[in-house]
Amino acid sequence: MPQWPACMQQKTPDMKENKITTLFLDIGGVLLSNGWGHESRRAAAEFFHLDYDELQARHKLLMGIYEEGKLSISAYLDQVIFYEERPFSADEFQAFMFGCTTPHEDMIALIRQLKMKYHLKIGVVNNEAKELNEYRIRKFKFNEFVDFYISSCYVHMRKPDPDMFRLALDISQVLPQHILYLEDEMMHVSTAKSLGINGIKHNNFLNTSNELAGFGLVVD
């Protein structure tokens, strides 16, 4: 009976075959505060003396196409804020929006250390409008440790669409079992897991550090 060529013979499974080589990360709620979330919108309504319920209703109508990069920040603000005359400018309001971001310094430091120690590939998979996304990337120097971005504003779809994660898999060219996704929304973690990607629901630095250790990712 002919034998298979050596290159086709079955190999003994490697104990490291499921080693994590790649992290997929959300930004808002993991590395930074949420970009233009409900807390920021409420703070803006109070600061600029706006009707929060009206702001919220208008935002909900446009949120999808805004985060999918189909609407500029100027067009968004025209519809949500400046549909009537205001005693402040669009530039002032936009500066407030951007200024709402605060970093989770411990998580940013942790990801930087993990990348350096384990030579991890890092990809962002997030929902964010273009201008705010790019401001946050620049402001907090994510390009120093992030390798690629699957952001809703660039790919014109939003989580929990599974195609966001399929695209991330295609771009990364990494098998799902070698990827770990950090996200603060359980629904998005579940979507990633449905495609074979490992997932951690981020609640706080300590819990996430402990769960990362369970995947063999530990910093000194």
Side-chain angles (χ1 to χ4, degrees), residues 18-41 59-73 75-76 97 101 103-104 107-108 110-111 114-115 120-203 208 211-212 215 217:
N18 292 331
K19 176 184 176 182
I20 299 300
T21 65
T22 303
L23 294 181
F24 286 173
L25 305 174
D26 190 19
I27 292 181
V30 177
L31 300 180
L32 305 175
S33 60
N34 286 317
W36 184 229
H38 66 91
E39 292 179 353
S40 297
R41 295 194 298 275
H59 167 79
K60 285 184 177 180
L61 291 173
L62 296 176
M63 178 179 66
I65 58 173
Y66 177 49
E67 290 190 345
E68 289 173 3
K70 299 173 183 177
L71 201 66
S72 70
I73 191 169
Y76 168 83
M97 290 175 68
T101 294
H104 298 169
M107 285 300 300
I108 294 174
L110 176 62
I111 298 303
L114 289 173
K115 181 181 178 72
L120 299 174
K121 185 181 294 186
I122 306 290
V124 160
V125 183
N126 71 321
N127 291 343
E128 193 73 89
K130 186 175 187 292
E131 295 88 350
L132 186 55
N133 195 53
E134 293 178 350
Y135 165 79
R136 282 148 68 91
I137 289 169
R138 291 192 306 270
K139 173 71 174 178
F140 299 99
K141 301 179 180 179
F142 287 168
N143 284 340
E144 292 181 356
F145 62 93
V146 173
D147 297 295
F148 60 91
Y149 299 87
I150 309 298
S151 298
S152 60
C153 56
Y154 304 139
V155 302
H156 310 306
M157 56 181 134
R158 299 169 67 240
K159 298 180 296 187
D161 189 334
D163 281 347
M164 286 275 285
F165 295 96
R166 293 190 181 102
L167 182 58
L169 289 171
D170 289 344
I171 295 296
S172 68
Q173 287 296 295
V174 177
L175 294 174
Q177 62 265 33
H178 297 302
I179 300 171
L180 181 59
Y181 179 49
L182 272 61
E183 161 71 61
D184 66 323
E185 291 287 347
M186 191 63 219
M187 179 183 291
H188 302 330
V189 174
S190 298
T191 300
K193 285 184 173 181
S194 74
L195 299 175
I197 299 169
N198 301 286
I200 291 175
K201 182 186 182 300
H202 173 72
N203 294 307
T208 295
E211 291 201 51
L212 284 166
F215 287 93
L217 301 176

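Any value given below was found using the heavy atoms of this structure, including those in side chains, with hydrogens, waters and symmetry copies removed.
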Does any part of the side chain of Asn34, heavy atoms only, come nearer than 4.5 Å to the side chain of Ser40, both counted from C-beta?
no
Closest approach of Val125 and Ala168, non-hydrogen atoms and distance?
CG2-CB, 4.0 Å
Could you go through residues 179-186 and list every donor-acceptor pair under 3.5 Å that involves a side-chain atom there, pairing it with any protein atom two or more places apart or in another chain?
unit_1, atom_1, unit_2, atom_2, d
Tyr181, OH, Lys159, NZ, 3.0
Tyr181, OH, Glu183, OE1, 2.4
Glu183, OE1, Lys159, NZ, 2.7
Glu183, OE2, Glu185, N, 2.9

Can you tell me how far apart NE2 (His156) and CZ (Arg158) are? Round to the nearest 0.5 Å.
14.0 Å
Quick check for you: to the nearest 0.5 Å, what is the distance between Met157 atom CE and Ile150 atom CD1?
8.0 Å
Checking Phe165 against Lys193 for the side chain to side chain contact (heavy atoms under 4.5 Å, CB included) test, could you report, in this order, the C-alpha distance in whole Å, the side-chain angles of both residues, the deciding distance, and whether it holds?
CA-CA 10 Å; Phe165 295 96; Lys193 285 184 173 181; over 6 Å; no
Just wondering, do Ile108 and Leu32 contact through their side chains at under 4.5 Å, heavy atoms?
yes
Minimal heavy-atom distance between Tyr66 and Ala129, with the atoms involved, is CZ-CB, 3.3 Å
Give, for atom CD of Glu134 and atom OH of Tyr154, the distance between the pair rounded to the nearest 0.5 Å.
3.5 Å
Decide yes or no for Ile73 and Met97: does some side-chain heavy atom of the first lie under 4.5 Å from some side-chain heavy atom of the second?
yes
Residue pair Leu217 / Leu23, side-chain heavy-atom distance below 4.5 Å
yes
Taking Leu25's backbone N and O only, do any of them form a donor-acceptor pair with Asn126's side chain (distance below 3.5 Å, no angle check)?
no
Hey, is the main chain of Glu128 close enough, under 3.5 Å, to the side chain of Ser151 for a donor-acceptor pair?
no
Check: Ile197 and Leu169 side chains under 4.5 Å, non-hydrogen atoms
yes
Ignoring hydrogens, what is the shortest heavy-atom contact between Thr101 and Arg136? Give both atom names and the distance.
OG1-NH1, 2.8 Å
Using 0.5 Å steps for rounding, measure from the CG atom of Asn143 to the CD1 atom of Ile137.
6.0 Å
Taking the side chain as C-beta and beyond, is there a heavy-atom pair between Ile171 and Tyr149 under 4.5 Å?
no
Have Thr208 and His202 got a donor and an acceptor in their side chains that come within less than 3.5 Å?
yes
Could you tell me whether the side chain of Phe142 reaches within less than 4.5 Å of the side chain of Ile122, counting heavy atoms only?
no
Indicate yes or no: at least one non-hydrogen side-chain atom of Asn198 is less than 4.5 angstrom from one of Phe215.
yes
Residue list, side-chain hydrogen bond (donor to acceptor under 3.5 Å, both in side chains) with Tyr76, at least two apart or on another chain:
Trp36, His59
Between Pro162 and Thr191, what is the shortest heavy-atom contact and its length?
CA-CG2, 3.9 Å
Atom of Gln173, atom of Asp170 and distance for their closest heavy-atom approach:
NE2-O, 2.8 Å
CA sep, side-chain torsions, deciding dist, call: Asp147, Lys115, side chain to side chain contact (heavy atoms under 4.5 Å, CB included):
CA-CA 11 Å; Asp147 297 295; Lys115 181 181 178 72; 2.9 Å; yes
Quick one: CE on Met63 to CD on Glu68, what's the gap to the nearest 0.5 Å?
9.5 Å
Rounded to the nearest 0.5 Å, what separation is found between the SG atom of Cys153 and the CD1 atom of Ile65?
14.0 Å
Set out, in order, the CA-CA distance, both residues' side-chain angles and the distance that settles side chain to side chain contact (heavy atoms under 4.5 Å, CB included) for Asn133 and Ile27, then state yes or no.
CA-CA 9 Å; Asn133 195 53; Ile27 292 181; 4.3 Å; yes
Would you please test Lys121 and Val174 for side chain to side chain contact (heavy atoms under 4.5 Å, CB included) and show each step?
CA-CA 9 Å; Lys121 185 181 294 186; Val174 177; 3.9 Å; yes
